[in-house]
Amino acid sequence: MTFLEFVEGPAWYVAITIFTIGVLWRFLGIIAIGRRTDMSAPKGSASAGFVKAIFRHFLPRTIFAERTRVHILGGYSFHLGLFILLFFAAPHVVFIKAHILGFGWPALPRWAFIIAAQAAFAGLILLWVRRICDPVMRQISDWDDHVGTILTFLVMLTGCLALQESVEALRALHMLFVNIWLIYFPFSRLMHAFTFILSRGYTGATYGHRGIVP
Amino acid sequence: MSTKTSAPTQTAADQAVSKFLEYTHASTAAYFDACVHCGECAEACHFYLSTKNPIYTPIYKLQPMLKAYKRHKAPLSSIKRLFGLVPEQITKQELEEWSPLVYDSCNMCGRCTLACPMGIDIAFTIRKMREGFVAADIVPGDLRQSEKNALETGSPMRVQAKALQAQVRAQEKDCGIAIELDKKGADYLVILSSMEIMGYPEVIGSLAKIFKEAGIDWTISTKAYEATNVGIQIGSWDTARTLVQRVVDEAEHLGVKYVISPECGHAYSALRWQGPNLIGRSYDFEVIHIIELLHQLTTEGRLQMKSKNGRRLTLHDPCQIVRRGGLVKEPRALLNDVADHFEEMQGAGITNFCCGGGGGVSANSRAAKLQASAFECKMQQFNDIDGLELIVTPCANCRTVLEDGLEEHDSPLEVIGLSELLAQHLDHRQT
Amino acid sequence: MGHKTFSHAKLTLNSNQLSQGIAGVFLFMAAFLMLGSLVFPTNAKASSVRPPANATINALPENSSPQPAPKATGGFVPGNTLGNRSQTSFWKSVRDGAIGTRDTMQAFPSPLIQSQGQDWRYLRNNYISRYGGWLLIGVTGLIALFYLIRGRIKIKSGRSGAVIPRFSLTQRVVHWFTAVLFILLSISGLILLFGKHLFIPLIGKTAFGVVASASMQSHNLFGPLFIIATLTMFFVFLKGNGFKLVDLKWALKGGGFFGGHASSHRYNFGEKAWFWWAIILGITLSLSGLILEFPWLVGTNMWPLLAGLAHGGAALLMIAFAIGHIYIGTVGMEGSLEGMTRGSVDENWAREHHDLWYQEHNKEATGDHPPAKAQAATSKG
Amino acid sequence: MARMKFLCDAERCIECNACVTACKNENEVPWGINRRRVVTINDGKPGERSISVACMHCSDAPCMAVCPVDCFYQTDDGVVLHSKDLCIGCGYCFYACPFGAPQFPQASNFGSRGKMDKCTFCAGGPEKDNSAVEFQKYGRNRLAEGKLPLGAEMCATKALLAGDGDKVADTYRERVVSRGFGSGAWGWGRAYPGQSGG
């Protein structure tokens, strides 16, 4: 078995299993902690608030956006870029078809995918550099933030190194980091990719009940 | 480990931790797991903005509770513990160091939630975390004293029923309207904050005028007249419940249909939203905020303004009533009825700055300096409005804090309660 | 409070500053060219690689067979048709790159021979790669020597403990953003230029092929981001980087190594030189890089060739200066790194290295506004 | 050992493109790539000339000199070959080559040229002679089979000559002598400097 076969075979299946079970466990684990039912007389709908808040917090309020526009720019270019290249890069579509879903969808042309990758890289570097330079982010960051950022950066970087799509070793390296990243994911702050729904939703529900969505 | 000296300190920290964990509900857990440490909340916090000190980043203030959650309660933490990847045990010393961040530098105003991309309700989590600090008895002395006063006398400022009666009588004389105390079967029960009773008793007269005009059957109780709830501020479930229970018992004893929450921010939150959860059941009566009632009366036409205020004025939004209580439109509609020159400050409405005195900070002398610097943000908002003369706010605590702050700045600006302003314009006398 | 709001003044391009800047750049480049003429041989022209003018041999071989040439036509085909004589000028034009047509599918222009590639190869392999390599080794060596002789430049009067703000958060973020990209790009670029000579003997062709493939792909991906970084940096750091007379004095005093203390404003001559050096080379790198990434932007092959040379040359010059910049920003001088990490520097550092800036800073602070003192970094938890 | 060379007799080439087609067919060159091309100068005017041109397998090959990964090598026969496994598609060989021989399968955006492909003198690549892999990557290895490049073999007018440089030179010399004129061995001065050409 070559190294590539290992990281795309057994290692990949172990990683994706840990990822899936871990994410579900943690996500459901949070819900299972439970919360008190609000007994005060409602002034609005909690469930509507749950949904509204999820969408409301995608857009920053103008008064705060003015202060943190660089952050918002970096955040959005990173996340949008990452989603585009994760789901619409030709090699990823092929991989998803072969290893996960069994079906694929039209992929982006190479140049569009590279532009998305550049946006993602620019955003990630910007956010990380800011994490180091900004006294506030420095104060509240812990090792998990840096490990998560660096791992994600390495996954993206090795993916970018393998862009010629002809060198097996580079593809294997990319897959290796993908596997590490997947295993690390459920134990780390990367979980925010899923928990943001709960976080925004619970606040939305609490205040939706009071007739306002913060 | 359990030597004689370290044992009691350890238990204090343990008690705090167990409270932290008890109050870590699904929502809190989701908040802790979703936070990406982006620091946006700092940009919303007047304590950070006025000091530029990163330790006042709102989410940072939750550190002890976050550590307890990550060590003991977070899903998958048992696996992380195997690799030594969970935070250290919390010590009492750490909690003591954190006490100023928890009690002095947070008004529980909730502005940070609006800036948070994850929508984390930091303010309410602070409220929960204070439970742990109460359990470990690491609480600012002033708040402890207020709590003691409230439990013993019914008022954090030790305002006795006799004092209330005296103030009511004085107001009766002033406005010429009789106020019946402890009236059974009245429709509305008015409760007040000590601040109003002692500092702004004219509020009582104003209410009497308004209710007479609108033809409302109301009363004040001599047993449960205090609306404020120090338990909410200090973070003590038991105290908060006891204080809410008093009002509920008296309201149900008198058989009123409504309890009117006065112009006080956290009192509204305590009785309206947290009360039923504290006592574990819903009420036989409805809680209505005075602004809600006034708005209702004016829209129904039962209350008509006969004059308008000509001064340039603005509205300060009390956090617990507006941002976290949902009463955004009501005070504005009322003000537009009564003012010719009503101008909104920057960020008015749910993104308005707190006065800096909420969440027990104004009662906490240790926090005075910090509170004064946080007021800079508020002052800036006032300064940005050209020719501002009057600030209207439907919260007695905000009013005191603003008046103190303005005095500190030698500002000629005046502050007035909303219902008081309305009462002035029920007749044709122009102020 | 002084650094609370981002001033728009920083963004506006003051024409005075710009002209100062450009004048300074010309001075700087002139100095560089003079230096270059000493180092590089004067006959750097590539004519020597061209084949001699008589390269196309059209004479009879010396020992040709004795069979008689067909005299009947005398070398001329009746009717003056194609191919009746050799046309020297015609073939010379082909050699000089005459464009013909190609009739596959549809006719499109195509040269038979292009000689520029030869010049390109010569300049790249003999000048850029060779002297560029020596340049980097030389600069590193000089700095190492300097470190051994002079050692770390300490704050003479020690740390005062009080700090003053030097770089805003925006400046710091832009700086490190550019720095990250610069490092990624220089590593991958140097691998592509020198890797063949350095790594193939060490790790073999196959392994190096992997490294090179990775380098090229990442270089191409990160390159365009560097353009954005360079432009942002220009606007964010422009203010205060115009050359002034005091900079000439600073340069003549060698930054204070001879002739006593050298005064400087917010940025000294070295920093200003680095700023313009990085901006001008950065723009050169950006434009040439764009041509190399999107050759279809320009019609002929000539542009990518020039771009390739400019790219390599500019990159090496920039890296050489960057080595010095990194040295003085980290190990070379006490107290300079924190300006770019925390955003504030020690007062004594400012007094010793940027006295005029320090004075201005204190002058601005009148009675009403005490000098802005940045919060000393609070470390807690 | 023989030194393999190409020579195109401009007096004979009739621009039939048979060499292009033969090469493409024999080597199964991918779509969009022509290893050999025929260029006509002064097309349609008196004195037009056509030349069939591909990699000339230079003695001091510029592509070899500039390749950043050193993927080129020259066989004992003087044939310049390259390894597609090492090639990173940077395009430097294309910049340096005087004859425009290196070809790339893709349009170039963000360095996506793909692996370089060029005339191999029908001599394959570094893989085992006449193996399937070799054929798939580089085309037919006719030299290993004892045959010469098909483009030259197929040339109807025998304008394109390929083979041992001395033989090619002799043949051409004979032609020049018998014709009384010639264009010179086109491209030889550049490709094989320092050697006597036709």
Side-chain angles (χ1 to χ4, degrees), chain C residues 51 55-58 60-61 64-65 67 69-70 73-75 82-87 90-91 93-95 98-104 107 110-115 117-118 120-121 124-125 192-193 195-196 200 205-206 208-209 212-213 216-217 219-221 293-296 301 304-305 308, chain D residues 10-11 15 17 20 34 37-43 46-51 53 62 65-71 83 85-92 94-100 107-111 173-174 176-190 193 196-198:
Chain C
T56 41
I57 302 157
N58 205 13
L60 285 178
S64 60
S65 56
Q67 58 177 275
T73 58
L82 168 71
N84 62 355
R85 84 188 77 197
S86 181
Q87 298 149 300
F90 175 87
W91 290 110
S93 76
V94 169
R95 184 67 190 82
I99 308 289
T101 52
R102 242 176 109 182
D103 281 348
T104 44
S110 165
L112 265 172
I113 254 194
Q114 57 121 352
S115 295
Q118 281 302 100
W120 183 75
R121 163 191 171 179
R124 180 185 149 84
N125 285 6
L192 288 174
L193 188 58
K196 181 183 184 175
I200 289 181
K205 279 190 180 185
T206 315
F208 181 69
S213 166
M216 197 188 87
Q217 296 302 328
H219 201 85
N220 286 343
L221 194 138
E293 282 220 62
F294 309 99
W296 49 264
N301 223 0
L305 293 176
Chain D
E11 309 299 329
E15 199 199 347
N17 276 303
V20 177
N34 285 319
R37 68 189 200 277
V38 176
V39 177
T40 307
I41 311 268
N42 294 343
D43 195 8
E48 78 163 36
R49 290 287 194 288
S50 294
I51 296 273
V53 61
V66 297
C67 178
V69 288
D70 231 354
C71 78
S83 160
D85 294 338
L86 295 177
C87 175
I88 58 168
C90 67
Y92 287 179
F94 177 74
Y95 293 148
C97 178
F99 304 106
S108 177
N109 266 341
F110 299 111
R173 191 178 295 121
E174 267 172 45
V176 170
V177 169
S178 56
R179 279 205 295 258
F181 58 84
S183 61
W186 179 85
W188 276 38
R190 166 60 220 112
S196 61

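None of the values given here were measured: they were computed from a predicted structure. In what follows, chains are A, B, ... by sequence order, proteins preceding strands, each numbered from 1.
Residue contact with chain C, scored on non-hydrogen atoms closer than 4.5 Å, involves the side chain of D:V53 exclusively. Of the atoms belonging to C:R124, it is side-chain heavy atoms, and not backbone ones, that fall under 4.5 Å from chain D. When heavy atoms are compared at a cutoff of 4.5 Å, D:C97 approaches chain C solely by way of its backbone atoms N, CA, C and O. Residue D:D85 does not touch chain C at all, counting heavy-atom pairs closer than 4.5 Å.
Although no hydrogens or angles enter the test, the distance criterion places no donor-acceptor pair under 3.5 Å between the side chain of D:D70 and the main chain of C:I200. Formation of a donor-acceptor pair under 3.5 Å by the C:Q114 side chain with backbone atoms of D:Y95 is found in this model. C:K196 places a side-chain N or O within 3.5 Å of a backbone atom of D:C67 that can act as its donor or acceptor partner.
A pairwise comparison of heavy atoms in D:G89 and C:M216 identifies O-CE, 3.8 Å as the closest pair. Among all heavy-atom pairs drawn from C:L192 and D:P68, the shortest one is O-CB, 3.4 Å.
Considering only heavy-atom pairs separated by less than 4.5 Å from chain C, the leading option among D:G91, D:A96, D:G100 is D:A96.
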